[in-house]
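Scroll down for the structure; my scribbles are underneath it.
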Amino acid sequence: MSGAGTSEDYEALVPDGSYRTACRACANGSCGVTVEVRGGRLASIRGDPSDPVSRGYVCAKALASRELLESPLRIRSPMIRDGDRWREASWDEALGLIARRLSEIRDEYGPEAIAVATGSPRYDIYEWLYVGFAGALGTPSILAVSNFCFVPRAAMGELLVGGHVVVDYDGDPRLVMVWGANPMESNPDEYKYPQLDAALRRGAELVVVDPRRTALAARADIWLRVRPAADLPLALGMAKVIVEEGLYDRDFVGNYSCCFGEFRDRLSRISHAWVEEASRVGRRDYSRAAEEYATAKPAAIHWGVGIDQGANSAYTAYALLDLMALTGNLDAPGGNVIFDPPPVVPSGGMFPGLPEGARARTPGREYRLAWERVRPPHHLIWDAILTGKPYPVRAMLVFAANLLVTRPNSLKIWRALRSLDLLVVADMFMTPTARLAHVVLPAASWLERDEIADRGKFHGRAFARRRLFRVGGARSDAEILLDLGRRMGLPGFRWGSVREFLDEALRPSGLTWDEFSSLGRLRGPVRYHKYRASGFPTPSGKYEFVSGKLEEWGYPGFPEFRDPVATDDRYPLILITGARRLPYMASEGRQLRSLRRLRPCPEVEIHPETAARLGISDGDWVAIETGNGRIYQRARLNPWLDPQVVSAEYGWWYPEMEDDRSWTLSNVNVLTSDGPPLDPLMGGALLRGLACRVERAGPGEVPLDDECRPRRSRPRDPNPRPPG
Ligand SMILES: Nc1nc2c(c(=O)[nH]1)N[C@H]1C(S)=C(S)[C@@H](COP(=O)(O)OP(=O)(O)OC[C@H]3O[C@@H](n4cnc5c(=O)[nH]c(N)nc54)[C@H](O)[C@@H]3O)O[C@H]1N2
Ligand SMILES: Nc1nc2c(c(=O)[nH]1)N[C@H]1C(S)=C(S)[C@@H](COP(=O)(O)OP(=O)(O)OC[C@H]3O[C@@H](n4cnc5c(=O)[nH]c(N)nc54)[C@H](O)[C@@H]3O)O[C@H]1N2
Ligand SMILES: [Mo]
């Protein structure tokens with residue numbers, strides 16, 4: 001593969017010294033770190049103890065970032081594919097080609113024939129790609145992770161309480177209920193584990209709701225081993241306990257809420273027997289958790305992606321908001337707070353965005369909450385590419401997403417991407433997705449870009465991420481999109497440089513980029529109980545236990561559970577996909593030696609009894625199969641699981657295999673579907689609670705050795721080769 005330079009081709013852009021910046025070795029990033037530059041090289045990365053969120057924490061991914069600068073596999077110049085061969089090209093040639101082809105496709109089919117995609121919460125890219133680029137082009141063909149990551153919670157928060165609620169760790173919660181999150185390994189969204197750890201050290205109680213006994217669950221006062229995808233019955237059961245035992249906050253319920261009577265009535269029609277059967281949590285356990293949560297003041301729910309990835313994600317978020325509201329913990333010190341943003345132009349505010357006419361063409365209006373945000377469910381985009389309906393999609397720009405590995409239904413995605421007239425991928429590495437592209441653009445890593453980090457997050461903070469190094473010809477996503485937008489003459493792309501853009505985005509703070517980057521961070525004012533003065537953004541102006549807006553849209557106004565788990569004789573086990581491991585961000589890091597050494601192989605957790613029944617021992621290669629496909633991971637026995645539940649890792653491909661199809665071997669999204677059961681409001685696919693079977697892999701079936709190194713250069717693919 002050309003385009004990969006030598007590890008020498010990088011340099012510091014700053015004099016030797018120590019530089020404070022915001023890490024983004026995982027997409028959720030923004031741990032405060034100090035980068036030491038010596039001899040024009042990255043000498044070390046250390047946690048910054050003065051950072052108010054990460055408090056000195058750094059993880060293996062951050063420490064491995066030096067390999068991002070040095071890796072010989074980094075793409076260092078634009079690459080254009082001619083048939084089966086790649087050739088290096090100048091930026092001018094590559095961007096000129098893309099601008100010309102995009103303009104032709106727009107003129108022939110309309111702007112919506114151009115789709116854009118980015119990955120996990122990379123707010124900087126969202127703004128440039130979705131609001132800026134897609135907005136100016138006028139295309140609603142946006143492929144986001146929003147449908148099944150974070151946004152089910154954020155969108156329900158915005159609908160019901162006017163914002164995304166975040167645990168106020170500085171307000172000293174006396175109890176934290178961690179629900180579907182694993183901050184010890186993930187540090188996602190607005191949170192870093194040290195905040196939670198500090199609260200626990202100050203004596204806060206801990207409740208964990210997770211089908212797996214994570215290290216955090218092992219530390220909990222109460223661990224509720226919920227059945228995968230059955231959080232909603234459990235949350236409703238807890239609300240029932242709080243209401244029946246009169247543990248709710250009478251001031252909040254009486255003065256700031258509506259429809260409590262109807263809510264109580266609905267809860268009284270739910271039986272504890274149903275809650276127990278659906279959630280597989282005993283009444284005594286969830287009653288105790290509910291009582292503790294309702295009586296510890298203040299108490300907060302730290303929620304995570306575990307509730308987003310199923311057919312009830314939006315309604316589960318609703319039920320958890322109900323718990324916060326019932327107990328008076330909403331927008332209360334030490335509870336779940338809607339923080340005011342920092343004094344910068346809010347993320348998305350630098351561009352005019354999608355015109356109304358284009359918004360109205362967004363497909364999937366029947367997934368209303370996603371539609372309102374122009375986040376069409378993925379299957380609609382793939383189907384549009386494959387069938388031309390509801391309109392043709394012929395080009396896709398992918399910035400920072402490894403779609404083939406990280407989106408449900410990989411084999412369908414492979415077919416769709418291959419049939420595009422133009423696929424452009426901006427990435428740091430030749431991922432399986434990039435290999436399908438016509439043009440690949442070398443992207444800068446977090447150490448190589450200036451940006452206002454966390455501008456789109458909800459903790460009310462912004463951090464300075466600073467450009468310290470240059471690697472080959474790599475450019476930041478903002479630089480690439482600014483250049484491309486200007487070449488295409490798109491409205492709104494008016495800045496001469498990204499620096500100018502940053503200066504303007506900082507204007508409300510009165511700071512220039514240079515001043516902000518030496519200051520390091522900004523925070524908005526912290527105010528509580530804002531609803532007391534301004535109410536809630538609902539039709540009634542109150543917290544609605546039965547949502548008027550949802551009813552107006554034709555949905556049930558009270559959380560309604562539809563059980564998505566459909567096991568049968570052929571697929572008797574319940575599969576969780578995507579439990580995170582600390583060294584890897586999604587599909588990243590497998591090519592970085594220090595990280596791969598920590599976790600060389602994909603692992604699937606299985607209960608020892610289930611394993612014994614299937615003749616599987618710890619460490620065996622096993623096949624996992626669903627109606628969609630078959631993959632291989634290594635068995636890890638775990639006695640704490642429900643014997644019916646198995647949990648597989650996600651994000652696996654083998655960068656060291658030259659074969660283009662190495663991504664089918666262990667990639668869990670070969671097993672997932674982008675079709676029903678989808679979340680009725682968000683259109684998100686089922687990633688937790690799939691029906692599957694597991695068996696020992698046959699001798700020679702897996703072309704990997706016990707260290708997961710390839711045994712043959714060409715893996716045998718267990719899946720039907722999709723018709724090209
Ligand atoms: N089955 C299953 N599937 C899942 C999940 C699950 O739990 N189970 N989780 C889902 C969730 S929550 C998410 S958010 C997605 C994540 O999905 P993705 O965001 O697609 O995941 P990554 O592997 O992080 O892919 C990011 C790619 O961008 C590159 N990259 C990193 N930084 C930059 C940058 O600054 N610029 C550019 N241009 N490229 C960059 C990386 O090399 C990598 O190839 O996966 C989803 N898929
Ligand atoms: N190291 C690392 N860090 C990451 C990522 C990564 O890939 N690697 N990904 C980033 C991304 S994109 C995201 S979205 C965040 C996610 O970060 P979190 O929101 O903290 O999510 P996870 O770490 O996946 O933890 C989710 C937990 O939910 C549990 N779970 C699974 N199914 C269910 C269920 O049905 N109900 C409940 N209650 N729990 C369930 C899993 O066992 C797991 O322990 O992490 C980010 N940080
Ligand atoms: Mo995510």
Side-chain angles (χ1 to χ4, degrees), residues 24-29 59-61 68 117-122 124-125 144-146 148-150 178-189 191 208-214 216-217 224-231 234-235 302-310 312 316 398-408 410 425-434 441-446 448-449 451 474-477 480 574-591 605 645 647-651 653 667-669 671-672 685-690:
R24 204 199 63 185
C26 73
N28 285 259
C59 75
K61 295 182 288 304
L68 285 179
T118 186
S120 4
R122 296 185 166 92
D124 39 312
I125 305 180
V145 288
S146 316
F148 49 78
C149 172
F150 185 75
V178 177
W179 198 306
N182 190 13
M184 265 190 187
E185 307 237 16
S186 304
N187 285 291
D189 310 324
Y191 304 113
V208 171
V209 183
D210 198 308
R212 295 186 310 128
R213 189 174 184 266
T214 57
L216 191 69
L224 303 180
R225 192 180 73 179
V226 65
R227 195 206 71 187
D231 298 278
L234 182 63
H302 177 143
W303 54 12
V305 83
I307 64 168
D308 292 333
Q309 303 183 331
N312 299 283
T316 304
V398 180
F399 279 74
N402 192 358
L403 303 178
L404 213 43
V405 182
T406 58
R407 302 308 141 94
S410 301
V425 173
D427 205 298
M428 298 181 292
F429 294 99
M430 265 294 173
T431 64
T433 306
L441 302 173
S445 78
W446 66 277
E448 304 154 46
R449 59 206 295 160
E451 68 199 6
R475 291 189 185 175
S476 76
D477 301 282
I480 299 170
I574 302 175
L575 177 67
I576 301 174
T577 72
R580 274 90 177 128
R581 303 290 182 211
L582 190 125
Y584 296 129
M585 168 65 217
S587 74
E588 299 178 40
R590 307 301 187 288
Q591 64 282 78
E605 294 174 43
V645 172
S647 171
E649 291 181 12
Y650 92 122
W653 60 292
N667 166 14
V668 84
N669 280 317
L671 305 180
T672 55
L686 192 69
L687 305 180
R688 324 221 136 155
L690 288 86

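Below, each value reflects all heavy atoms present in this structure, side chains not excepted, and no hydrogens, waters or symmetry copies. Residue numbers count from 1 along this sequence. Remember, it's 1-based here, ligands and their atoms both numbered in the order they're listed.
In terms of heavy atoms, Tyr650 sits closest to Arg590 at O-NH2, 3.2 Å. Of all heavy-atom pairs between Val145 and Gly119, the closest is CG2-O, 3.8 Å. The nearest pair of heavy atoms linking Phe399 to Thr118 is O-OG1, 2.6 Å.
Protein residues lining ligand 1, listed by chain and number: Arg24, Gly119, Ser120, Arg122, Val145, Phe148, Cys149, Val305, Gln309, Ala400, Ala401, Asn402, Thr406, Arg407, Ala426, Asp427, Met428, Thr431, Ala443, Ala444, Arg449, Asp477, Thr577, Gly578, Arg580, Met585, Ala586, Ser587, Glu588, Tyr650, Val668, Asn669, Leu687, Arg688 [non-hydrogen atoms, distance under 4.0 Å].
Contact annotation: the side chain of Thr431 never approaches that of Leu404 to less than 4.5 Å [non-hydrogen atoms, C-beta and beyond]. Residues Leu671 and Thr577 form no side-chain contact, since every pair of their non-hydrogen atoms from C-beta on lies 4.5 Å or further apart. When side chains are defined from C-beta on, Cys26 does not count as touching Asn187, because their heavy atoms never get closer than 4.5 Å. Two residues are said to be in side-chain contact when any heavy atoms from C-beta on lie closer than 4.5 Å; Leu68 and Met428 meet this criterion.
Interface of Glu185 with ligand 2, defined as ligand atoms under 4.0 Å from a residue heavy atom, comprises 1 (N), 2 (C), 3 (N). Those atoms of ligand 2 with a heavy atom of Ala229 less than 4.0 angstrom away are 34 (C), 35 (O). Each of the atoms 34 (C), 35 (O), 36 (N), 37 (C), 38 (N) of ligand 2 lies under 4.0 Å from some heavy atom of Asp231. In summary, the atoms of ligand 2 found under 4.0 Å from a heavy atom of Lys61, numbered by their order in the structure, are 1 (N). Numbered from 1 in the order shown, with element, the atoms of ligand 2 that lie under 4.0 Å from a heavy atom of Trp179 read 38 (N). Per-residue contacts place Arg212 under 4.0 angstrom from the following atoms of ligand 2 (heavy atoms of the residue considered): 41 (C), 42 (O), 43 (C), 44 (O). Those atoms of ligand 2 with a heavy atom of Arg581 less than 4.0 angstrom away are 1 (N), 2 (C), 8 (N). With ligand atoms numbered from 1 in the order given, ligand 2 contributes 35 (O) to contacts under 4.0 Å with heavy atoms of Pro228.
The backbone N or O of Ala444 lies less than 3.5 Å from a partner atom in the side chain of Arg449, making a donor-acceptor pair. Of the possible donor and acceptor atoms, one in the side chain of Lys61 sits under 3.5 Å from a partner among the backbone N and O of Leu582.
At a 4.0 Å heavy-atom cut-off, ligand 2 does not touch Asn187 at all.
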Run the side-chain contact (heavy atoms from CB on, under 4.5 Å) check on Trp653 and Asn402 step by step: do they pass?
CA-CA 10 Å; Trp653 60 292; Asn402 192 358; 3.7 Å; yes

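Ligand 2 lies within reach of Asp210, whose nearest heavy atom is under 4.0 Å from it.
In terms of the salt bridge (Lys or Arg N to Asp or Glu O under 4.0 Å) criterion, residue partners of Arg475 (sequence neighbours excluded) are, by chain and number, Asp483.
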